[in-house]
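This report concerns only the one structure given below.
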Amino acid sequence: YQDNFILRWQLRSGIGYNGTRTYGGIYGSFQGAQYKQENTTAMNTEDRLFFHIFIGYRFKAPKPLKEKFDWLNDQIPE
């Protein structure tokens with residue numbers, strides 16, 4: 001059994017494009033943790049780097065669905 005102090009950190013960043021029909025972007029995340037083992041001089045570290053790249057295209061909504069949401073939008077007071 002060990003009772004260690006753990007130092008953790010996380011950094012996130014992203015950039016994207018949002019047009020009328022297309023969208024896309026990149027998202028990055030860096031995570032890390034570090035702790036010292038008891039009764040030794042060993043230092044354990046763990047680092048992770050992730051990237052998410054995404055692109056998409058917006059299709060027109062089906063007519064019955066669009067009509068229902070247009071009606072619902074009209075019911076909400078401004």
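Side chains are part of it too, since the values below use all heavy atoms of this structure and drop only hydrogens, waters and symmetry mates. Everything numeric here is computed off the predicted structure, so don't read it as measured data.
In this structure, the side chains of Trp9 and Phe30 come closer than 4.5 Å at one or more pairs of heavy atoms. Between Asn44 and Gln37, some side-chain heavy-atom pair lies under the 4.5 Å cut-off. Tyr35 has its side chain out of reach of Leu7: every pair of non-hydrogen atoms, C-beta onward, lies at least 4.5 Å apart.
Put simply, CZ on Phe5 and CD on Glu38 are 13.5 Å apart, with the number rounded to the nearest 0.5 Å. Taking OG of Ser29 as the reference point, atom NE2 of His52 lies at 6.5 Å (rounded to 0.5 Å). Separation of atoms CD1 (Ile53) and CZ (Phe51) is listed at 8.0 Å; rounding is to 0.5 Å. A distance of 14.0 Å separates NZ of Lys68 from NZ of Lys63, quoted to the nearest 0.5 Å. Between the CZ atom of Arg8 and the CD atom of Gln31 there is a distance of 9.5 Å, given to the nearest 0.5 Å.
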Check: residues 18-27 side-chain donor-acceptor pairs under 3.5 Å, at least two apart:
residue	atom	partner	partner atom	Å
Asn18	OD1	Arg58	NH1	3.3
Asn18	OD1	Arg58	NH2	2.6
Arg21	NH1	Arg58	O	3.0

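In the displayed structure, Ile55 atom CD1 is contacted under 6.0 Å by at most 12 heavy atoms of other residues, nucleotides or ligands. More than 12 heavy atoms of other residues, nucleotides or ligands lie within 6.0 Å of CD1 in Ile6, so this atom counts as buried by the packing criterion.
Residue pairs that meet the ring-ring contact (aromatic ring centres under 6.0 Å, His included) test with at least one member in residues 58-78, sequence neighbours left out, are Tyr57-Phe59.
Shown here for Ala61 and Lys66, the closest heavy-atom pair between the two residues is CB-CB, 4.5 Å.
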